[in-house]
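See structure below.
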Amino acid sequence: METESEPYVRLATLRQLHQVMADMNTARSLADTLQTVADGVVTGLGYELACVNLVRPDGDLVVAAFAGNPAAEALITGRVGSRDSWERRLSMGENWGDLVFIPHTEGWILDDDDVPQWYTDGPAPRFEDEWHPSDRLFAPMFTPGVGGAACGELIGVLSVDRPRNGRRPGAWGREALQMYAFQAAIAISNARLRANMQRALVRLEREQQALRASEESFRQAFEYAPSGMAIAEMGGDQHGRILRTNDALCRLLGRPASAMRRYSFSDLVHPEDIGTLLRTSAEGGRAELRLGRRDGTYLWVSLRNSVVADAADGPRFLLTHVEDIEDRKRRELQLAHRASHDSLTGLPNSAELRARLSARLCKRPTHAALESIDTAFGHPAYDANGHGFDFRPGAEAFDTAFDHHVHTVAPEGELDDGTKGLAVLFCDLDGFKSINDRFGHNAGDAVLIEVARRLSRQVRDGDTVARLGGDEFVILADGLGRADAADLAVRLRNEIIQPIRAEGRAVRVGASFGIGWAHCGMTADEVLKSADERMYVEKRSRPKQHRRAG
């Protein structure tokens, strides 16, 4: 039986959570960032209430933002809870990774402390994981460090309440809240950093007499920033050359500061991301790209630029903020792979197969369109297949009436005429159902995995082997003639009928192949239907006892 390592998550939910993260990191001020963090818990994570408790300079925590209930927001926003009370809360209860959960059976002892709260009493839970009104769930936020680690300094606590589904969060929900709290800590730290840097820039412009003090303030903000920072030349022949880096960026890229000064960002960026970097090199530019490390590997980073003036009307420099997003990018790529590939066999799934097939096909001009073009030129400009004639001296032949797409063509007739086309081999396993019925679905899954491996091993690089569903597979093989496609089907069938070890026993399945041909003017579904129909013709043409090897 096919299994999923994580529960099914709707794409709309992931998009919403992605938007929440984006809003959180693009808020204009610290206050906006804090409110966006609270709002994101409600809109993106499925809780009815959320509170951001921010550590003040004196160590106590103030309710800095609230979302989900205007009445509760008016009641507790701005109220302060002592650091001792918060330390007590974070040291009791159950640890869910970095989260702290205090069930209602233990939380009653906290009812009289000085931490602002909105909890109410309620009936006992009806089932094991039902959320009780007095349950408490906290997500501590720590100062982020280079490479995704926490430095250990508490900057605030996220309090959440009332999951919309009425249940305590499961493994995925806990991990989502934990990751959100980590990203929120980065956003809050960066908002503070931006605020400090903006104040430093104002002082540089307005306080000429305090220039040295302002430079020292900026230096400290730059040097001790939790994420990577760099200053580069702006304009001129040396535009983009790195002048200065902080320790965080040097550690991130594994390069000493002295070596960093020999490069510009264009020297470090992945070749495929050069265009992205050039579009980001202006003031306010923002991009996600890969930077090269000393060991030759590349790291995904978020890069953001702003402009710093050395003095009034003096040289201007590009201040670049570099944040490690390798883990997030890896998760995004994993999610994209899961959406386009079969979870059991790892092959492209039905949606990905249709996408790859559709990318090769275009719609031919209609007969009406061809006739109108013929009329416009005064003579035929295209043949019956939509290919253009060379109708002017020295002119190149048109490829199509609408674009320069290289058309996919198919061999004509049943004989091999030498035409090479895109062959679509539809494979249906013979005798597979009996394996499921006799030995169980685990044995069936093992057969499907092995068949997928054998098919992939027999095709060329660049060919596609996809699982359409159940025991049906499709192979896309370009540049084949009819004889080539027939030979490929024979090879694949001979490979499949070899014994397969499943659940400690050797089993056999057969395979029926239908060979269709894709050509422009067809849809992906039409191509697959044609190959499917040919497969059934081939299946019915063979005696039942010959359809599988045993």
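Nothing fancy with the numbering, it's 1 onward along the sequence.
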Within-4.5 Å side-chain heavy-atom neighbours: [X] and [Y]:
X      : Y      : result
Leu291 : Val269 : yes
Phe265 : Leu277 : yes
Val55  : Trp86  : no
Ile188 : Asn190 : no

Exercise. Please lay out, stage by stage, how Ser85 and Ser82 fare under the test side chain to side chain donor-acceptor pair (under 3.5 Å).
Key: CA-CA 5 Å; Ser85 296; Ser82 67; 3.0 Å; yes
Quiz prompt | Audit row: Leu158, Met141, side chain to side chain contact (heavy atoms under 4.5 Å, CB included) steps and yes/no | solution = CA-CA 7 Å; Leu158 274 177; Met141 297 180 292; 4.0 Å; yes
Exercise. Check the pair Asp478, Arg360 against salt bridge (Lys or Arg N to Asp or Glu O under 4.0 Å), reporting the backbone distance first and the verdict last.
Key: CA-CA 10 Å; Asp478 201 5; Arg360 291 294 312 278; 2.7 Å; yes
Can [X] and [Y] be counted as an ion pair, charged N to O under 4.0 angstrom?
X      : Y      : value
Arg89  : Asp113 : yes
Glu288 : Arg328 : yes
Glu332 : Lys329 : yes

Quiz prompt | Ring-face cation contact, Trp96 with Arg174, 6.0 Å cut, 45° max | solution =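 Verdict for Trp96: a cation-pi partner in Arg174.
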Quiz item: To the nearest 0.5 Å, what is the distance between CG (Leu249) and CG (Asp324)?
Solution: 11.0 Å
Self-check item: Pair Arg136-Gln117, side chain to side chain donor-acceptor pair (under 3.5 Å): steps then yes or no
Solution: CA-CA 10 Å; Arg136 296 167 168 86; Gln117 55 189 345; 2.9 Å; yes
Self-check item: salt bridge (charged side-chain N to carboxylate O under 4.0 Å, His left out), paired with Arg168, selected from Asp135, Asp161, Asp129
Solution: Asp135
Atom pairs and distances, side-chain donor-acceptor, residues 66-76, under 3.5 Å, sequence neighbours left out:
{"from": "Asn69", "atom 1": "OD1", "to": "Ala71", "atom 2": "N", "distance (Å)": "3.0"}
{"from": "Asn69", "atom 1": "OD1", "to": "Ala72", "atom 2": "N", "distance (Å)": "3.0"}

Quiz item: Just by distance, do the side chain of Asn196 and the backbone of Arg192 share a donor-acceptor pair under 3.5 Å?
Solution: yes
